[in-house]
Every structure is written in C-alpha cells, then in structure tokens.
Protein chains: 2
Amino acid sequence: MNKVIEMEFLEKAEIFKALAHPTRLFIIHTVKDKKMSVKELTELVGIDISTMSKHLDILKKHKIIEGDKFKNFIYYRLAIPCVLDFMSCAIKVINKK
Amino acid sequence: MNKVIEMEFLEKAEIFKALAHPTRLFIIHTVKDKKMSVKELTELVGIDISTMSKHLDILKKHKIIEGDKFKNFIYYRLAIPCVLDFMSCAIKVINKK
DNA sequence: AAGCAATTTGGTATTTTTGCCAAATAGAAA
DNA sequence: TTTCTATTTGGCAAAAATACCAAATTGCTT
C-alpha cells in the first residue's frame with residue numbers, strides 16, 4: 001500500500017479507535033447535553049476515577065471533547081458535534097438486517 | 001451505568017472496533033467502487049493472505065461488507081454505504097482545528 | 001501555610017488484538 | 001482423480017488496550 005495512502009488510513013483509524021470503547025461512547029453521549037466533571041462521569045459509569053481520567057484524555061487528544069476549568073473541577077463538553085452523526089449512523093448499521 | 005444503557009454502548013463500540021484498523025478502512029474504501037477478491041486486496045495492502053482473510057471476516061460479521069462467490073473466488077463489496085459517511089466525517093474531525 | 005477535594009500520572013497485571021506460519025478446506029481445471 | 005489456486009482456520013508470539021492501585025499534582029478553602 002502506498003505510503004501516503006497508508007498514512008491516511010492510519011490517521012482515520014486513530015479516530016475510530018478513540019471512539020471504539022463503550023465508556024468513551026457513553027461519555028460523548030452524556031457530554032453532548034450537559035457539561036460534566038470527571039468525578040460526576042466516574043460515578044455514573046462506576047469505574048475507577050483514574051480510568052475515567054484516561055478515557056477523557058484519549059477523547060481530548062483527538063479534539064473530540066474539550067474541558068473548561070472551574071475552580072478545581074474540569075467540565076467536559078462535546079467539541080465536535082459531527083461525532084453524533086457517527087453515533088446515529090452506528091445505530092442504523094446495527095439495526096439493519 | 002444502567003445495564004440496558006451499557007449494552008447499547010457495548011454494541012455501538014463493537015461497530016467502531018470493527019472499523020478501527022487502517023487495513024479495514026482501506027478495504028472499505030477500495031470495495032466501495034469495485035468488487036475485490038481476497039487475493040487482490042492482499043496484494044494491494046502487502047500483508048499475509050490469512051491476515052487479510054481475518055480482517056474481511058471481522059467486517060463481514062458486522063454486515064459492513066458482503067461477499068459473492070464466483071468460481072473459487074469471493075468478491076467482496078460494501079454492504080452498508082452509510083459507513084462512508086463515517087469516513088468522510090472522520091476526515092472533517094481530523095482536519096478541523 | 002495546612003488541609004482538603006478533584007484530577008492526573010506511573011506502574012503493573014490482565015485481556016484483547018494483530019500478524020505470521022502451517023495446515024485444512026473448497027472448488028475449478030486438467 | 002489429481003493438481004492447482006483461492007480462501008479459511010488453528011496456533012502462537014508480539015503488540016496494544018484496559019483497569020486498578022498508589023502516589024503526585026493542582027488549586028481551593030480554611
């Protein structure tokens with residue numbers, strides 16, 4: 001495979017990988033309506049807070065979410081609504097056939 | 001997290017996982033225009049044919065592609081064009097900011 | 001400054017994914 | 001039937017992803 005083409009698909013795959021985890025999809029779903037802190041998200045999902053922090057970091061690195069600092073909280077919100085199209089399309093893919 | 005909700009995101013994540021690999025994205029990109037056999041795809045990408053077969057199997061299991069048998073070839077094609085929206089959206093996500 | 005709460009980081013064990021090889025299967029052609 | 005080609009399967013080793021704990025950091029609030 002051509003190196004340039006290969007690079008293109010490597011980069012795209014990175015985005016899909018960032019989305020390919022139930023907790024991270026839940027974060028996107030939750031943060032689309034309401035800003036949420038790390039602690040709040042952690043309690044909703046029921047995992048270790050350090051694990052949640054790392055999931056948020058993965059989404060942040062790909063600019064899928066962004067965090068706003070308020071006191072010593074960080075409130076996350078969805079940065080790219082386009083990702084919601086991913087989600088609704090995913091449902092169609094699952095339900096068809 | 002509510003069990004039902006959890007199941008929803010688990011299922012969605014499965015779809016994203018199926019797409020989260022450069023070779024599999026290349027397959028989708030290639031098969032959208034032209035039916036291709038396992039061997040043809042293998043030669044384009046330059047990996048072991050058994051590896052390609054397994055990538056195709058993952059996409060097939062999620063109904064993302066479908067194969068038509070002709071002689072002892074199997075020609076694959078894109079089953080759900082909706083996935084292309086994923087792809088073009090992914091480009092936007094990458095290029096923005 | 002000291003204590004406290006929210007978040008991140010480092011380390012590690014576990015699980016999952018990936019890719020190759022070798023062998024098995026399927027089917028066409030000789 | 002035998003041979004040849006295309007594809008799949010099983011097994012295994014290497015790489016990547018995940019989750020927890022413990023410790024560090026950040027920045028309020030006393």
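Chain letters run A, B, ... following the sequence lines, proteins first, then strands; residues in each count from 1.
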- prompt: Is there a side chain to side chain contact (heavy atoms under 4.5 Å, CB included) between Leu78(A) and Leu84(A) once you walk through the steps?
  reply: CA-CA 9 Å; Leu78(A) 190 58; Leu84(A) 293 176; 3.8 Å; yes
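The phosphate of dT8(D) (OP1 or OP2) has a side-chain N or O of Ser53(B) nearer than 4.0 angstrom. Side-chain N/O atoms of Thr51(B) include one lying less than 4.0 angstrom from OP1 or OP2 on dC20(C). Taking only side-chain nitrogens and oxygens, Lys71(B) never comes nearer than 4.0 Å to OP1 or OP2 of dA28(C).
Regarding Met52(B), its CE atom lies at a distance of 15 Å from the P atom of dC21(C), rounded to whole Å. The separation between Asp48(B) atom CG and dA23(C) atom C1' is 13 Å, rounded to whole Å. Separating the CE atom of Met36(B) from the C1' atom of dT7(D) is a distance of 16 Å, rounded to the nearest angstrom. One can place NZ of Lys17(A) at 10 Å from C1' of dT17(C), the figure rounded to the nearest angstrom. We find that NE2 of His55(B) is positioned 8 Å from C1' of dG19(C), with the value rounded to whole Å. One interatomic measurement links the two molecules: CZ of Phe73(A) to P of dT7(C), which rounds to 6 Å at whole-angstrom precision. In this structure, CD of Glu14(B) is placed 12 Å from C1' of dT17(C), rounded to the nearest angstrom. Atom pair Ile58(B):CD1 and dT8(D):C1' shows a separation of 14 Å (rounding to whole Å applied).
Of the N and O atoms on the side chains of Tyr76(B) and Lys60(B), at least one donor lies less than 3.5 Å from an acceptor on the other residue.
A residue-by-residue look at Ala20(A) and Leu56(B) shows that Leu56(B) has its nearest nucleotide of DNA chain D further toward the 5' end.
Nucleic acid contact for Tyr75(B): none, since no nucleic acid atom lies under 4.0 Å from a heavy atom of the residue. Nucleic acid contact class of Ile49(B) (heavy atoms, under 4.0 Å, all strands): base.
In this structure, Lys39(B) NZ and Asn72(B) CG are separated by 11.0 Å, a value rounded to the nearest 0.5 Å. The distance from the CG atom of Leu10(A) to the NZ atom of Lys17(A) is 8.0 Å, given to the nearest 0.5 Å.
In the set dT7(D), dG11(C), dT8(C), the nucleotide with an atom closest to the side chain of Ser50(A) is dT8(C). Closest to the His21(B) side chain, of the nucleotides dG27(D), dC20(D), dG19(C), is dG19(C). You'll find that the side chain of Ser37(B) is closest to dT7(D), out of dT7(D), dG10(C), dT18(D).
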Can you give the donor-acceptor pairs under 3.5 Å from side chains of residues 28-35 of chain A to other protein atoms, not counting sequence neighbours?
from	atom 1	to	atom 2	distance (Å)
Thr30(A)	OG1	Phe26(A)	O	2.8
Lys35(A)	NZ	Asp68(A)	OD2	3.4

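Between the base of dT7(D) and the side chain of Asn72(B) there is no donor-acceptor pair shorter than 3.5 Å.
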